Amino acid sequence: MLARRAARRLFEVRQAFRQSHRASRSFSTALNYHIDTPDNNPELPWEFTAANKERVKDILSHYPSNYKQSAVIPLLDLAQQQHGGWLPVSAMNEVARIIEVAPIRVYEVATFYSMFNRSKVGKYHLLVCGTTPCMIRGSREIEEALLKHLGVKRNEVTKDGMFSVGEMECMGCCVNAPMITLADYSNGSEGYTYNYYEDVTPKRVVEIVEMLRRGEKPPPGTQNPNRVKAGPEGGNTTLLGEPMPPPCRDLDAC
């Protein structure tokens with residue numbers, strides 16, 4: 001009786017998730033379960049392209065033959081690039097076959113790291129840094145400008161399939177806050193790029209989107225014309241000459 005009631009309850013929960021999966025699955029890394037859909041189920045065939053099979057061999061060559069499983073992250077990354085920015089379960093199964101582990105070992109990695117998307121993203125996947133320095137410098141306004149301009153919610157894909165907007169935690173550019181990252185899947189794994197756009201403003205991120213829509217490639221890095229990389233706005237005010245050697249040591253004698 002108890003087992004029957006538990007099975008019925010599990011069925012009800014799964015049905016509830018199935019009815020709402022279109023809305024909830026748009027959050028590519030928010031959920032740690034999988035529900036079969038027509039375009040994402042283990043029955044669908046998936047394999048690396050001929051060119052990527054050579055890249056798979058190269059990746060595996062970096063690890064001892066008895067530690068193939070160490071290649072799980074770069075292989076998942078390659079699979080995601082090939083598949084337009086997201087990982088179907090059949091791609092994860094193929095990676096598991098190649099590195100000779102149980103599929104669950106690959107699922108554990110794919111559901112843990114936010115770099116792996118388990119539902120569709122746009123050809124241009126824009127990720128807004130949401131950590132404290134960027135938030136203080138206006139990342140919420142950056143995200144709001146992108147979502148409003150594209151007419152989507154976070155992690156939704158535009159109707160033309162070109163754009164999606166997500167959030168990423170600290171990407172190490174605090175001195176250039178606020179910043180966004182652009183994962184470009186428009187040309188498959190061969191043309192894949194992952195670039196940082198720093199010192200952005202709500203106006204500038206909209207301009208970047210429109211440049212991408214026109215087929216242009218916005219220059220990555222700082223978007224502040226008064227800065228050079230991570231240097232101060234307006235140029236250096238200190239350390240303008242050659243540094244003096246420490247007085248306690250003859251460096252030339254070393």
Side-chain angles (χ1 to χ4, degrees), residues 25 28-29 32 34 36-127 155 157-158 160-164 166 168-169 171-173 180-197 208 211-213 215-221:
R25 288 285 289 166
S28 58
T29 58
N32 289 333
H34 168 78
D36 287 349
T37 59
D39 62 351
N40 187 10
N41 66 77
E43 302 303 319
L44 295 175
W46 197 97
E47 64 177 349
F48 285 104
T49 63
N52 281 341
K53 285 179 180 178
E54 294 302 312
R55 296 177 66 179
V56 168
K57 292 179 182 179
D58 179 64
I59 290 170
L60 292 175
S61 71
H62 290 78
Y63 305 94
S65 59
N66 58 328
Y67 284 99
K68 287 183 179 180
Q69 65 268 29
S70 299
V72 61
I73 289 180
L75 290 180
L76 283 174
D77 188 36
L78 181 60
Q80 180 165 278
Q81 293 173 26
Q82 176 179 310
H83 202 73
W86 69 286
L87 284 170
V89 68
S90 53
M92 296 184 230
N93 291 342
E94 176 64 6
V95 170
R97 184 192 68 80
I98 290 171
I99 61 177
E100 300 177 5
V101 299
I104 187 60
R105 296 303 184 193
V106 177
Y107 305 159
E108 289 170 344
V109 175
T111 57
F112 181 82
Y113 291 102
S114 60
M115 66 183 285
F116 296 124
N117 306 306
R118 294 185 297 110
S119 63
K120 291 182 179 180
V121 298
K123 293 180 179 179
Y124 301 105
H125 189 41
L126 300 156
L127 295 165
N155 293 309
V157 182
T158 55
D160 59 7
M162 286 191 66
F163 297 97
S164 56
M168 183 72 81
E169 292 309 307
M171 291 184 270
C173 285
I180 65 172
T181 269
L182 169 62
D184 183 351
Y185 299 105
S186 60
N187 294 304
S189 53
E190 292 79 10
Y192 170 73
T193 59
Y194 189 87
N195 288 317
Y196 283 12
Y197 293 83
I208 289 172
M211 291 176 72
L212 294 168
R213 201 187 297 275
E216 302 173 17
K217 299 296 182 184

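Model, not experiment: these values are computed from the prediction.
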Looking only at atom types and distance, does a side-chain atom of N195 sit under 3.5 Å from a main-chain N or O of L182, one as donor and one as acceptor? no
Please enumerate all residues that pass salt bridge (Lys or Arg N to Asp or Glu O under 4.0 Å) together with R213, with sequence neighbours excluded. D160, E210
Between Q82 (side chain only) and E47 (backbone N and O only), is there a donor and an acceptor less than 3.5 Å apart? yes
Which atom pair, heavy atoms only, marks the closest approach of N40 to P88? OD1-CA, 3.3 Å
Write down the atom of W86, the atom of S119, and the distance for their closest heavy-atom approach. CB-O, 3.1 Å
Output for pair (Q69 CD, L75 CG), nearest 0.5 Å, gives 11.5 Å
Stepwise side-chain contact (heavy atoms from CB on, under 4.5 Å) check, Y197 with T181: CA-CA 6 Å; Y197 293 83; T181 269; over 6 Å; no
Backbone of P103 reached by a side-chain donor or acceptor of E108 within 3.5 Å: no
Gap between atom CD of E54 and atom CG of D58 - 0.5 Å precision: 9.5 Å
Using only atom types and a distance under 3.5 Å, with no angle test, would you say the side chain of S90 pairs donor to acceptor with the backbone of W46? no
For the side chain of S164 and the backbone of G122, is there at least one donor-acceptor N/O pair under 3.5 Å apart? yes
Atom pair CD1/OH of I208 and Y124 - distance to nearest 0.5 Å: 13.0 Å
Using 0.5 Å steps for rounding, measure from the CG atom of N52 to the CG atom of L78. 4.0 Å
Exercise: identify the closest heavy-atom pair between L87 and L76: CD2-O, 3.5 Å
For the residue pair S189 and F48, establish whether any side-chain heavy-atom pair is separated by less than 4.5 Å. no
Could you please spell out the steps behind the side-chain contact (heavy atoms from CB on, under 4.5 Å) verdict for V121 and F163? CA-CA 7 Å; V121 298; F163 297 97; over 6 Å; no
So, N93 versus Y107: side-chain donor-acceptor pair below 3.5 Å or not? yes
Do V72 and V101 make a side-chain contact, defined as non-hydrogen atoms from C-beta onward lying under 4.5 Å apart? no
Over all atoms of both residues, closest heavy-atom pair of A110 and F116: O-CB, 3.7 Å
Please give me the minimum heavy-atom distance between N155 and G166, naming the atom from each residue. OD1-CA, 3.6 Å
Rounded to the nearest 0.5 Å, the CG atom of L127 sits from the OG atom of S114 at a distance of 8.5 Å
Look only at the side chain of N41 and the backbone of T37, and say whether a donor-acceptor pair between them is shorter than 3.5 Å. yes
How would you list, by chain and number, every residue that makes a side-chain contact (heavy atoms from CB on, under 4.5 Å) with E169, sequence neighbours excluded? T131, E167
Begin with the C-alpha distance, continue with both residues' side-chain angles, and end with the deciding distance and a verdict on side-chain contact (heavy atoms from CB on, under 4.5 Å) for K68 and I98. CA-CA 8 Å; K68 287 183 179 180; I98 290 171; over 6 Å; no
Evaluate the side-chain proximity of C173 to Y196: yes if any heavy-atom separation is below 4.5 Å, no if none is. yes
To the nearest 0.5 Å, what is the distance between CG on D39 and CG on L44? 7.5 Å
Output, in order, the C-alpha distance, side-chain angles, deciding distance and verdict of side-chain contact (heavy atoms from CB on, under 4.5 Å) for E100 and R105. CA-CA 10 Å; E100 300 177 5; R105 296 303 184 193; over 6 Å; no
So, the side chain of Q80 versus the backbone of N117: is there a donor-acceptor pair under 3.5 Å, distance only? yes
With D184, the side chain to side chain donor-acceptor pair (under 3.5 Å) member among K123, K217, H125: K217
Among all residues two or more places apart in sequence or in another chain, which pass the side-chain contact (heavy atoms from CB on, under 4.5 Å) test with P64? N66, Y67
For E190 and A51, work out which heavy atoms get closest and say how close. OE2-CB, 4.3 Å
